K.L.:
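Submitted below is the structure of interest, expressed as structure tokens.
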Amino acid sequence: MAFSILITGFGPFPGAPFNPTVSLVARLAKQRRPALAEATIVAHVFPTSYAAVDRELPGLIAQHRPDVLLMFGLAAGRKTLCIETRARNALAHSPDVGGGAPRGGQILPGGPAEMTMPAPARRLLATLRGAHVPATLSRDAGRYLCNYLCWRAAEAARRPAGPRLAAFVHIPAVARWPRRRSKHRMLKLDDLARAGSALLAATAARHVSDRKPH
């Protein structure tokens, strides 16, 4: 049963001139393993702007009809990978990469306070821990572009032509060169690639399992 997976990351943004999700998405797009034998993998990096998400996400879904949406974003202040379990109906006034900032405090004025992310969060958490990567569940995706994409993806998953599964993972800052020893070991891009590969296989397996007659 052929199916498609859309993997996304974000480009740099104010305060983060290097966003490791760019490299992570590129590496994951080249994955070749048995669990992905029937999968078409599409990789995309969003400019870190509200307008780009609103313009490009619907276009990607219409063009590629992904069954699985696996999204990554940078949360430099966190120490572990965080699987987001909900999208908040909240907006910060921080400017995006184009200098634009949303008005109002909600993504959908008058809408629900939150939406649950359509993903098997606990199974994905176990997958990451099985790959020996520190990970936790998170109920707070922030109020910036990562949360905004979570909300738009959760909306899309509720539509008939939308993805069946949409997962968002925040990653911490990574070590780009040798550093002095510190209290916390910083993850490297290789760690992220191992984690991302495990998540890719797990989401693919879940999708295939959900499609099988019970």
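These numbers were taken from a predicted model, which means no experiment stands behind them.
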K.L.:
Can you run down the side chain to side chain donor-acceptor pair (under 3.5 Å) pairs that involve residues 157-172, sequence neighbours left out, and say none if there aren't any?
P.N.:
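Found Glu84-His170.
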K.L.:
Between Asp210 and Arg206, is the salt bridge (charged side-chain N to carboxylate O under 4.0 Å, His left out) condition met? List the steps.
P.N.:
CA-CA 6 Å; Asp210 287 348; Arg206 176 57 182 264; 3.1 Å; yes
K.L.:
Checking Ser197 now: which residues fulfil side chain to side chain donor-acceptor pair (under 3.5 Å) with it, not counting sequence neighbours?
P.N.:
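Testing Ser197 for side chain to side chain donor-acceptor pair (under 3.5 Å), a comparison that skips the adjacent residues, returns Gln31, Arg33.
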K.L.:
Run the salt bridge (charged side-chain N to carboxylate O under 4.0 Å, His left out) test against Arg65 and tell me which residues pass, sequence neighbours left out.
P.N.:
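None.
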K.L.:
Can you give me every donor-acceptor pair (side chain of residues 13-20, partner residue at least two apart or in another chain, under 3.5 Å) with its distance?
P.N.:
residue : atom : partner : partner atom : Å
Asn19   : OD1  : Thr21   : N            : 3.1
Asn19   : OD1  : Thr21   : OG1          : 2.9
Asn19   : ND2  : Phe10   : O            : 3.0
Asn19   : ND2  : Gly11   : O            : 3.0

K.L.:
How would you list, by chain and number, every residue that makes a salt bridge (charged side-chain N to carboxylate O under 4.0 Å, His left out) with Arg86, sequence neighbours excluded?
P.N.:
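Testing Arg86 for salt bridge (charged side-chain N to carboxylate O under 4.0 Å, His left out), a comparison that skips the adjacent residues, returns Glu114.
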K.L.:
Mind jotting down which residue pairs meet the salt bridge (Lys or Arg N to Asp or Glu O under 4.0 Å) criterion with at least one end in residues 8-19? Sequence neighbours excluded, please.
P.N.:
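Every candidate salt bridge (Lys or Arg N to Asp or Glu O under 4.0 Å) pair involving residues 8-19 fails, so no pair, neighbours aside, qualifies.
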K.L.:
Does atom NE2 of His93 have more than 12 heavy-atom neighbours from other groups under 6.0 Å away?
P.N.:
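Yes, enclosed.
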K.L.:
For Lys188, does its backbone N or O pair with a side-chain atom of Asp191 as donor and acceptor, under 3.5 Å?
P.N.:
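Confirmed, Asp191 side chain pairs with Lys188 backbone.
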K.L.:
With a 4.5 Å heavy-atom cut-off, do Pro163 and Ile61 have their side chains touching?
P.N.:
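Of all side-chain heavy-atom pairs linking Ile61 with Pro163, at least one is under 4.5 Å.
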K.L.:
With sequence neighbours left out, what residues match Ser94 under side-chain contact (heavy atoms from CB on, under 4.5 Å)?
P.N.:
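Ala92, Tyr144.
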K.L.:
Would you say Thr8 and Val25 make side-chain contact, with heavy atoms under 4.5 Å?
P.N.:
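Of all side-chain heavy-atom pairs linking Val25 with Thr8, none is under 4.5 Å.
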K.L.:
In the structure I gave you, are the side-chain heavy atoms of Leu192 and Val174 within less than 4.5 Å of one another anywhere?
P.N.:
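Yes, close enough: below the 4.5 Å cut-off.
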K.L.:
Could you check whether any side-chain heavy atom of Val133 comes within less than 4.5 Å of a side-chain heavy atom of Thr80, counting everything from C-beta outward?
P.N.:
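No, every pair of side-chain atoms sits at 4.5 Å or beyond.
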K.L.:
Who passes salt bridge (charged side-chain N to carboxylate O under 4.0 Å, His left out) against Arg143, sequence neighbours left out?
P.N.:
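Listed in chain order: nothing, the list is empty.
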K.L.:
Quick one: does any side-chain atom of Ser209 pair with a main-chain N or O of Ala205 as donor and acceptor, under 3.5 Å?
P.N.:
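Not at all, since once roles are kept as given, no pair shorter than 3.5 Å links the two residues.
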K.L.:
Are any non-hydrogen side-chain atoms of Leu81 and Thr136 less than 4.5 angstrom apart?
P.N.:
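SC-SC contact between Leu81 and Thr136 ruled out.
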K.L.:
Between the side chain of Asp67 and the main-chain N/O of Ser4, is any donor-acceptor distance below 3.5 Å?
P.N.:
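Yes; judged by distance alone, with no hydrogens or angles, the pair exists.
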K.L.:
Distance-only criterion, 3.5 Å: show the donor-acceptor pairs between side-chain atoms of residues 115-124 and protein atoms not counting sequence neighbours.
P.N.:
none

K.L.:
Enumerate the ring-ring contact (aromatic ring centres under 6.0 Å, His included) contacts for residues 47-85, please, sequence neighbours excluded, ordered by first and then second residue.
P.N.:
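Only Tyr50-Tyr148 qualify under ring-ring contact (aromatic ring centres under 6.0 Å, His included).
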K.L.:
Mind jotting down which residue pairs meet the salt bridge (Lys or Arg N to Asp or Glu O under 4.0 Å) criterion with at least one end in residues 130-140? Sequence neighbours excluded, please.
P.N.:
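As it turns out, the salt bridge (Lys or Arg N to Asp or Glu O under 4.0 Å) pairs with a partner in residues 130-140, which skip direct neighbours, are Arg88-Asp140.
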K.L.:
Check whether Thr85 reaches the backbone of Ser138 with its side chain - one donor and one acceptor, N or O, closer than 3.5 Å.
P.N.:
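Flag set: sc Thr85 to bb Ser138 pair under 3.5 Å.
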K.L.:
Are Val68 and Leu6 packed together at the side-chain level, in the sense that at least one heavy-atom pair is separated by less than 4.5 angstrom?
P.N.:
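When only atoms from C-beta onward are counted, Leu6 and Val68 do not touch, as no gap falls below 4.5 Å.
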K.L.:
Can you find a pair of side-chain heavy atoms, one from Pro134 and one from Leu128, that are under 4.5 Å apart?
P.N.:
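Not touching, per the 4.5 Å side-chain cut-off.
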K.L.:
Show every side chain to side chain donor-acceptor pair (under 3.5 Å) that has at least one partner inside residues 98-107, sequence neighbours left out.
P.N.:
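Listed by first then second residue: nothing to list.
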